[in-house]
There are 2 protein chains.
Amino acid sequence: MSDTKLNNLSKDLYNLMLNLHRKIFNHDEMMKNLPIPPSHVKVILYLKHNGDSSISEIAKNLLISKPNMTPIIDKLVSENMVNRYNDPNDRRILRIELTSKAHEFIKKQEEMIKNTLSEKISVLSSEDLEYLGHHVTGVIDILGKIK
Amino acid sequence: MSDTKLNNLSKDLYNLMLNLHRKIFNHDEMMKNLPIPPSHVKVILYLKHNGDSSISEIAKNLLISKPNMTPIIDKLVSENMVNRYNDPNDRRILRIELTSKAHEFIKKQEEMIKNTLSEKISVLSSEDLEYLGHHVTGVIDILGKIK
DNA sequence: TATTGTTATACTCTATAACTATA
DNA sequence: TATAGTTATAGAGTATAACAATA
């Protein structure tokens with residue numbers, strides 16, 4: 001693959017991110033509408049996607065410094081969104097798991113986000129929606145091959 | 001267009017956002033690598049996209065509270081990234097414009113982001129890159145019809 | 001000696017109310 | 001009276017270094 005082709009594609013991907021952000025998925029707007037701070041959302045979504053994890057794992061992957069994990073997990077525990085439990089193999093490690101309340105929270109928020117998306121694209125013609133679906137699943141399929 | 005179709009498409013769009021974020025464009029990671037805080041980046045990019053703007057306009061559209069704009073603009077001025085000037089028609093209004101240094105900064109950052117994107121997709125086969133380009137421009141074209 | 005998680009602390013970012021100057 | 005921008009201030013989020021417990 002030629003370098004210019006790769007460069008053009010990365011330019012298109014950058015434009016795709018900007019367009020998605022501006023037209024249908026404003027990250028900041030979503031976060032402001034949530035009842036809990038962004039760092040809590042990140043931790044919950046991380047656990048949902050990666051399963052039970054140690055505090056260090058979460059911190060490393062979410063780029064949150066370890067000391068700041070303590071108050072975040074404290075609050076999530078007090079809100080009954082996660083539980084701490086000891087790792088049976090290494091007594092230094094605390095593992096974090098989602099509660100059923102957290103799973104319900106995620107489900108509800110995803111519904112809200114999907115409703116917002118539906119609204120934004122509902123102005124498109126039936127034909128455009130057809131094409132959009134085709135191209136979106138096309139991109140997802142290929143991204144699935146990375147990593 | 002049937003509601004179920006719209007729902008499926010919004011689900012796909014949600015998955016597209018998640019996949020883009022996880023596979024090739026980690027928002028937090030990008031921000032951490034920048035030499036200036038996120039709020040400054042947002043203001044600069046807003047001005048790049050929307051042209052000279054009043055402080056209230058910027059605050060409203062970026063969901064930053066007005067009082068917090070003062071120190072942000074102060075710092076950007078001291079870093080020689082923006083200038084303040086009076087609106088000729090309304091003496092209450094201060095308008096903000098980007099300096100040439102800011103334009104260069106944006107150009108450099110966009111280059112870095114595109115290089116990162118190139119690296120991430122360079123593992124794909126020539127054929128997959130071809131398809132990816134096709135679908136990405138397809139999505140961009142249709143998004144262009146919104147708003 | 002290295003790693004896990006915590007404490008302490010200072011710094012930045014943010015939200016709210018109250019102020020001034022212009023309209 | 002309403003709006004633009006500011007000041008003051010308290011709260012939330014973050015980064016860094018130093019520490020105790022465990023490996």
Side-chain angles (χ1 to χ4, degrees), chain A residues 26-47 50-79 81-98, chain B residues 26-47 50-79 81-98:
Chain A
N26 189 318
H27 193 265
D28 298 334
E29 201 181 315
M30 299 282 177
M31 287 304 194
K32 297 259 180 189
N33 287 332
L34 296 178
I36 60 176
S39 56
H40 294 201
V41 178
K42 285 180 202 164
V43 169
I44 290 174
L45 288 181
Y46 179 85
L47 291 169
N50 299 92
D52 296 9
S53 309
S54 74
I55 291 176
S56 290
E57 277 171 4
I58 302 170
K60 187 183 164 191
N61 286 293
L62 294 183
L63 304 175
I64 299 170
S65 70
K66 254 199 310 186
N68 292 331
M69 287 301 296
T70 303
I72 291 173
I73 300 297
D74 282 348
K75 277 182 198 161
L76 285 172
V77 168
S78 78
E79 287 161 1
M81 296 293 252
V82 306
N83 294 320
R84 269 187 255 245
Y85 66 92
N86 289 100
D87 186 301
N89 302 318
D90 188 335
R91 292 203 295 163
R92 291 173 304 182
I93 297 175
L94 286 173
R95 298 189 71 77
I96 311 298
E97 67 178 358
L98 290 178
Chain B
N26 188 319
H27 193 266
D28 298 334
E29 202 181 314
M30 299 281 177
M31 287 304 194
K32 297 258 179 188
N33 287 332
L34 296 179
I36 59 175
S39 57
H40 293 201
V41 178
K42 285 181 202 163
V43 169
I44 289 174
L45 288 180
Y46 179 85
L47 291 169
N50 300 92
D52 296 9
S53 308
S54 74
I55 291 175
S56 291
E57 276 170 4
I58 301 170
K60 187 183 166 192
N61 286 293
L62 294 183
L63 303 174
I64 299 171
S65 70
K66 253 198 313 186
N68 292 331
M69 288 301 296
T70 303
I72 291 173
I73 300 296
D74 282 347
K75 278 182 197 161
L76 285 172
V77 167
S78 77
E79 288 160 1
M81 296 292 253
V82 305
N83 295 318
R84 272 188 253 245
Y85 66 91
N86 289 99
D87 186 300
N89 302 319
D90 188 334
R91 291 203 296 162
R92 292 173 303 181
I93 297 175
L94 286 173
R95 298 187 72 76
I96 312 297
E97 66 177 358
L98 291 177

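Chain letters run A, B, ... following the sequence lines, proteins first and then strands; every chain starts at 1.
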Item checked: B:Ser56, nearest nucleotide to its side chain (from C:dT7, D:dG5, C:dT3) -> D:dG5
Check: Hey, are the side chains of B:His40 and B:Ile72 touching, using non-hydrogen atoms and a 4.5 Å cut-off?
Finding: yes
Next item on the list: Tell me which nucleotide among D:dT6, D:dG5, C:dA2 gets nearest to the side chain of B:Pro67.
Entry: D:dT6
Note to self: Heavy atoms from C-beta onward define the side chain here; which of C:dT6, D:dT3, D:dT7 lies closest to that of B:Arg92?
What the structure shows: D:dT3
Notebook entry, point to check: Between C:dG5 atom C1' and A:Tyr85 atom OH, what is the distance in whole Å?
Noted result: 16 Å
Notebook entry, point to check: From A:Asp87 CG over to A:Leu94 CG, what is the distance, rounded to the nearest 0.5 angstrom?
Noted result: 9.0 Å
Checklist line | Gap between atoms CG and P, on B:Leu76 and C:dC13 respectively (whole Å) | finding: 11 Å
Check: Quick one: the side chain of B:Arg91 and the base of C:dT22, do they pair up donor-acceptor inside 3.5 Å?
Finding: no
Check: Given atom CG of B:Asp74 and atom P of D:dT6, what is their separation to the nearest angstrom?
Finding: 7 Å
Margin query: Can you measure A:Leu62 atom CG to D:dA15 atom P for me and round it to whole angstrom units?
Written below: 12 Å
Notebook entry, point to check: Got a second to check how far A:Leu62's CG is from A:Glu57's CD, nearest 0.5 Å?
Noted result: 11.0 Å
Check: What is the nucleic acid contact for B:Pro38, judged by heavy atoms within less than 4.0 Å: base, sugar-phosphate only, or nothing?
Finding: nothing
Next item on the list: Give one of base, sugar-phosphate or nothing for A:Lys32, where a contact means two heavy atoms less than 4.0 Å apart.
Entry: sugar-phosphate
Margin query: Tell me if the side-chain of B:Asp90 makes a donor-acceptor pair with the base of D:dA4, cut-off 3.5 Å, by modelled atom types.
Written below: no
Next item on the list: Rounded off to whole Å, could you give me the NZ-to-P distance for the B:Lys60 and D:dA4 pair?
Entry: 9 Å
Scan the side chains in residues 27-39 of chain B for donor-acceptor partners under 3.5 Å anywhere in the protein, sequence neighbours excluded, and list what turns up.
from	atom 1	to	atom 2	distance (Å)
B:Asp28	OD2	A:Lys42	NZ	3.3
B:Lys32	NZ	A:Leu63	O	2.9
B:Asn33	ND2	B:Glu29	O	3.2

Note to self: Measure CE/A:Met69 against C1'/D:dA15 and give the value in whole Å, please.
What the structure shows: 15 Å
Notebook entry, point to check: Rounded to whole angstrom units, what separation is found between the NZ atom of A:Lys66 and the C1' atom of D:dA21?
Noted result: 12 Å
Note to self: Need to verify one output field. Residue with the more 5' nearest nucleotide on DNA chain D, A:Pro37 or B:Asn68?
What the structure shows: B:Asn68
Check: Hey, does the side chain of B:Arg84 come within less than 4.0 Å of D:dT6's phosphate (OP1/OP2), counting only N and O?
Finding: yes
Checklist line | Sugar-phosphate only, base, or nothing, as touched by A:Lys75 at under 4.0 Å among non-hydrogen atoms | finding: sugar-phosphate
Margin query: Within this structure, what is the CG-CG distance for the pair A:Leu47 and A:Asp52, rounded to the nearest 0.5 Å?
Written below: 7.5 Å
Check: Nearest nucleotide by nearest heavy atom, which residue falls closer to the 5' end of DNA chain D, B:Ile55 or A:Ser65?
Finding: B:Ile55
Notebook entry, point to check: Separation of A:Ile64 atom CD1 from C:dT6 atom P, in whole Å?
Noted result: 14 Å
